[in-house]
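When a ligand or atom number is given, it counts from 1 through the structure's own listing order. As a basis for the values below, the full set of heavy atoms in this structure was taken, side chains included, without hydrogen atoms, waters or symmetry mates.
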Amino acid sequence: MGEFDLIRRHFAQVARRLQPDQPVEMGIGDDAAVFNVPAGHQLVCCVDTLVAGRHFPLDTPAHAIGWKSVAVNLSDLAAMGARPHSILLALSLPSADDDWLCQFSQGLFECCQRYGVQLIGGDTTASPTLTITVTALGWIPSDQAILRQAAQVGDLICVTGEMGNAAYALQHPGSALQATLDYPHPQVSLGQQLRDYASSMIDISDGLGQDLGHILSASNVGAVIDLAKIPTHPLLQALPNPGKWHYQLNGGDDYQLCFTLSPDKFNTFMQRYAPPVSVIGEIVDGQDLILLDRDQSVPFNIQGWQHF
Ligand code: ADP
Ligand code: MG
């Protein structure tokens, strides 16, 4: 199977068959894709690379790799408050394995469909290491992007979902939490709902501790977190500390949102949407991240994911 057959069979035909609700002028098949951004909106874009053996274990099913390569990018768009529109896929493959490509593209398209996103182009190359790079494109009403830099003293610190599940699954293959590692569900709707409410937001991909740290340094503020308020799955709840905290604060791959907002806005937001959101702490003066265990500050080494 040549490169063009591969693209047609596994990506172009399926992309054409699916009929997402957002139109494009030109998708796969020309030199570049063309689409319209609605008037009064800004384009929001991001890219994330998954390298086999680094970002996912080598035995991860192709279907899960396809899903996850889209999901991690939609999580970044969600963290800006953007509405996702489309993705581009750069695929570097050690071989053109038909079964693998079938599974991979199925997982990728399932995630696309789940979030109303379409594949509008890409690039396909051979390479010794399986590497998947997805670029995601979306938009947001002008000047409404939720940045990391505007957290205010007195704001509540909130997270969606549970923390540490994917990191636990990485250490316990085949556990009940395996799906949280393989099939993250980015908070795409909630991210957009937070536009009128959140003062700052980030998606948690490298560990809550490190990612909240990015909000603190960008906003030049500190935070107090009550460790007991971090939402926790029963499997992790059963673990002794600090092992549990290690998964929750330093573990990667949660793909949940962490955001700040004033107590007033929090109340109106919860009344309007009743979302799965937990308050875990508060923004304070200073620059430190203070972690409380039963009102006592605990020393803890924040060490999120780092490549180098
Ligand atoms: P070029 O040589 O101009 O880079 P390609 O042969 O790489 O063109 O791609 C031809 C068309 O197929 C383009 O529209 C491109 O976006 C699309 N394409 C290539 N690889 C993929 C892929 N893995 N997934 C989706 N579309 C792809
Ligand atoms: Mg190309």
Side-chain angles (χ1 to χ4, degrees), residues 1-38 43-78 82-139 182-186 188 205 255:
M1 179 175 46
E3 173 195 338
F4 300 111
D5 278 346
L6 184 161
I7 297 167
R8 190 164 45 240
R9 200 167 128 76
H10 293 287
F11 300 105
Q13 284 176 349
V14 193
R16 221 166 287 132
R17 206 171 61 233
L18 302 174
Q19 296 196 315
D21 53 2
Q22 303 178 60
V24 287
E25 294 284 312
M26 173 52 73
I28 297 172
D30 213 305
D31 293 310
V34 183
F35 63 88
N36 297 311
V37 178
L43 189 62
V44 183
C45 30
C46 61
V47 59
D48 247 318
T49 295
L50 302 187
V51 178
R54 293 212 145 244
H55 297 94
F56 53 86
L58 292 171
D59 61 357
T60 306
H63 187 276
I65 299 170
W67 174 284
K68 191 166 179 173
S69 62
V70 179
V72 300
N73 278 283
L74 300 188
S75 183
D76 279 325
L77 290 187
R83 172 176 178 177
H85 170 267
S86 46
I87 59 161
L88 297 155
L89 167 68
L91 196 52
S92 297
L93 301 167
S95 65
D97 177 335
D98 212 42
D99 283 347
W100 190 93
L101 281 162
C102 275
Q103 294 297 316
F104 171 82
S105 62
Q106 232 173 55
L108 177 131
F109 282 116
E110 273 174 36
C111 191
C112 284
Q113 280 200 291
R114 164 69 182 76
Y115 293 99
V117 163
Q118 53 201 315
L119 178 65
I120 59 170
D123 195 29
T124 307
T125 60
S127 144
T129 306
L130 170 63
T131 306
I132 302 125
T133 299
V134 170
T135 300
L137 305 161
W139 47 66
D182 288 342
Y183 292 95
H185 279 71
V188 170
S205 53
Y255 300 107

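At least one side-chain heavy atom of Phe56 sits under 4.5 Å from a side-chain heavy atom of Ile132. Contact of the Trp139 side chain with the Arg83 side chain is registered, since non-hydrogen atoms from C-beta on lie closer than 4.5 Å. Ser69 is listed as a side-chain neighbour of Phe104, based on a closest heavy-atom distance under 4.5 Å.
A ring-centre distance under 6.0 Å is not found for Phe109 and His10.
Counting heavy atoms closer than 4.0 Å to ligand 1, residue Asp30 contributes backbone atoms (N, CA, C, O) but none from C-beta onward. Here Asp123 has heavy atoms under 4.0 Å from ligand 1 in both its backbone and its side chain.
Ring geometry for Trp67 against Tyr183 counts as perpendicular: the plane angle is over 60°, on a 0 to 90° scale with 30° as the lower cut.
Residue Gly29 places at least one N or O, backbone or side chain, under 3.5 Å from an N or O of ligand 1. Ligand 1 has no N or O atom lying under 3.5 Å from any N or O atom of Ile120, backbone or side chain.
The distance from ligand 1 to the heavy atoms of Asp31 drops below 4.0 Å at these ligand atoms: 3 (O). Proximity to Phe4 (heavy-atom distance under 4.0 Å) selects the following atoms of ligand 1: 6 (O).
Among Thr124, Ile28, Thr133, the residue whose heavy atom lies closest to atom 22 (C) of ligand 1 is Thr124. Looking at Gly121, Ala32, Ser105, Gly27, it is Gly121 that brings a heavy atom closest to atom 25 (C) of ligand 1.
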Practice task
With side-chain contact (heavy atoms from CB on, under 4.5 Å) as the test, would you mind laying out the steps for Ile120 and Leu137 before giving the verdict?
Solution key: CA-CA 10 Å; Ile120 59 170; Leu137 305 161; 3.9 Å; yes
